[in-house]
Structures are given as structure tokens and as C-alpha cells.
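The structure presented is a predicted model; accordingly, all values stated were derived computationally and were not measured.
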Amino acid sequence: MGRDTAGLADFIASKPANDGLRDMDARMVIQAGGLPVKFGKALVAGIGVGGAPSGDIDAGCAAAGLKAIGAE
């Protein structure tokens, strides 16, 4: 979706009118830990990490993976 999942979760939680977005696709879990994968300005994929005690730690692991492959 081109954005971090923590930001998307905050957007959904910010207004009751956004609640439907949480259930837009049963294959998606909208919690912190997911980041877009970009090379330059090209959005090519997403990476999601889960299992740490907090979403911030998951997102940090995802960011480290992006750095390791030279992505943004």
C-alpha cells in the first residue's frame, strides 16, 4: 500500500469512518511492523516482521532488512 503499517493502523483508528479499512482484505494484518520496499522512487514490495514484544521493534527489524539490501 506504499506506507508503513503502523501509520495505516493509526489512520484507521483515528476515525470510526475508517473502520472498514481494517477488514478490506482478510490476508492483511494491519499492525506495526510492515514497511514499503522502495528502490529509488520505485515501490517494489512490502516487508512485514512480527513476533517481537512491540511493533516498534518489529519495524526496526524490517528497517534493518531494508538497509541490508540497499532499499529505502
Side-chain angles (χ1 to χ4, degrees):
M1 298 186 75
R3 63 185 299 176
D4 66 286
T5 55
L8 183 57
D10 289 343
F11 173 76
I12 291 169
S14 71
K15 290 184 183 178
N18 298 337
D19 282 347
L21 294 173
R22 186 170 308 284
D23 301 321
M24 69 180 141
D25 189 326
R27 298 169 295 173
M28 292 176 58
V29 177
I30 303 176
Q31 298 176 337
L35 299 174
V37 179
K38 297 179 183 177
F39 287 95
K41 293 186 185 228
L43 175 64
V44 298
I47 182 173
V49 176
S54 75
D56 291 341
I57 296 170
D58 291 334
C61 291
L66 294 177
K67 183 177 178 182
I69 62 169
E72 298 175 19

**Asked** Do you know the tightest heavy-atom contact between Phe11 and Asn18?
**Response** O-ND2, 2.8 Å
**Item:** Atom pair CG (Leu35) and CG (Asp58), whose distance is rounded to the nearest 0.5 Å
**Value:** 10.0 Å
**Asked** Do Leu8 and Leu43 belong to the same hydrophobic cluster, where Ile, Leu, Val, Met, Phe, Trp and Tyr are linked whenever their side-chain heavy atoms lie under 4.5 Å apart, directly or via other members?
**Response** no
**Atom pair SG/CG of Cys61 and Leu66 - distance to nearest 0.5 Å** = 11.5 Å
**Item:** Approximate separation, where rounding is to 0.5 Å, of Asp10 CG and Arg3 CZ
**Value:** 8.5 Å
**Prompt:** Between Thr5 and Ile30, is there a donor-acceptor pair closer than 3.5 Å when you use the side chain of the first and the backbone of the second?
**Reply:** no
**Item:** Heavy-atom closest pair, residues Ala32 and Ala6
**Value:** CB-CB, 3.6 Å
